[in-house]
Amino acid sequence: QVQLVESGGGLVQAGGSLRLSCAASGRTFSDYTMGWFRQAPGKEREFVASISRGGGSTYYADSVKGRFTISRDNAKNTVYLRMNRLKPEDTAVYYCASGSPIHVIVAQAAWAYWGQGTQVTVSS
C-alpha cells in the first residue's frame, strides 16, 4: 500500500502561482510513477500531469502545458506540482496519484493509489 497526502492548495488570484506537494509513504517511492489529477465542480476528474519513476520524463494535459511543472524528489518521497499563470478554470480539487504502469497513461483506472485531494481556487 502507498499512502498519499497532498498539501499546498488555497485561494489565489488569476495570474498567480501555487505549488502543491504530495508526500508518499508505505513503499519505495522511486518504484512508482506519480501523477496529478483534478476535479472541478460538476465535472469529471481529469488528468493534469505525470512523471516517471526516476523523474526524467514528464507528461502534461494540453490545458496546463507551459504553465504547470511536475517534479519529484525521491529522497524526500515527495512529488510537486508548480502551477503558474493560474486561471479561474484551474479551480478544482487536485489529487495526487501513483502506481500507473507507465506515467503516460491518463486513464484513472490505471492509477492504483490516490490521495484525498487539496482544493485550489483561482479568483478572477
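Each residue takes its place number in the sequence, starting with 1.
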With [X], which residues qualify under side chain to side chain donor-acceptor pair (under 3.5 Å), at least two apart?
X: Ser123; result: none
X: Lys65; result: Asp62
X: Asn74; result: Arg72
X: Tyr95; result: none

Distance-only criterion, 3.5 Å: show the donor-acceptor pairs between side-chain atoms of residues 28-36 and protein atoms not counting sequence neighbours.
residue : atom : partner : partner atom : Å
Tyr32   : OH   : Arg27   : NH1          : 3.4
Thr33   : OG1  : Ser100  : N            : 3.0
Thr33   : OG1  : Ser100  : O            : 2.7

State which residues pass side-chain contact (heavy atoms from CB on, under 4.5 Å) with [X]; sequence neighbours excluded, sorted by chain then number.
X: Ser21; value: Ser7, Arg19, Thr78, Tyr80
X: Glu46; value: Arg38
X: Ser57; value: Ser52, His103

For residues 81-89, tabulate all N or O donor-acceptor pairs below 3.5 Å that involve a side-chain atom, not counting sequence neighbours.
residue : atom : partner : partner atom : Å
Arg82   : NE   : Asn84   : OD1          : 3.1
Asn84   : OD1  : Ser17   : OG           : 2.9
Arg85   : NH2  : Gly66   : O            : 2.6

Can you give me every donor-acceptor pair (side chain of residues 104-118, partner residue at least two apart or in another chain, under 3.5 Å) with its distance?
residue : atom : partner : partner atom : Å
Gln108  : OE1  : Arg45   : NE           : 2.8
Gln108  : OE1  : Arg45   : NH2          : 3.3
Gln108  : NE2  : Arg45   : O            : 2.7
Trp111  : NE1  : Ile105  : O            : 2.9
Trp114  : NE1  : Trp111  : O            : 3.1
Thr118  : OG1  : Gly9    : N            : 3.2

Where do [X] and [Y] come nearest, in terms of heavy atoms and distance?
X: Leu4; Y: Ala24; answer: CD2-CB, 3.6 Å
X: Ser71; Y: Val79; answer: O-CG2, 3.1 Å
X: Gln1; Y: Gln3; answer: CB-NE2, 3.5 Å

#### Entry: Side chain proximity check, Thr91 to Gln119, heavy atoms < 4.5 angstrom
yes
#### Entry: Heavy-atom check, side chain of Val120 versus side chain of Leu20, under 4.5 Å
yes
#### Entry: Ile70 CD1 to Ser50 OG distance, which is reported to the nearest 0.5 Å
6.0 Å
### Query
Could you walk me through whether Ser25 and Val2 pass the side-chain contact (heavy atoms from CB on, under 4.5 Å) check?
CA-CA 6 Å; Ser25 62; Val2 175; over 6 Å; no
### Query
Shared ILVMFWY cluster between Leu18 and Val93, side chains joined below 4.5 angstrom?
no
### Query
For residues 38-108, which residue pairs qualify under disulfide (SG to SG under 2.5 Å), counting only residues two or more places apart or in two chains?
Cys22-Cys96
### Task
Taking ring-ring contact (aromatic ring centres under 6.0 Å, His included) as the test, write out the residues that go with Phe47, two or more places apart.
Phe37, Tyr59
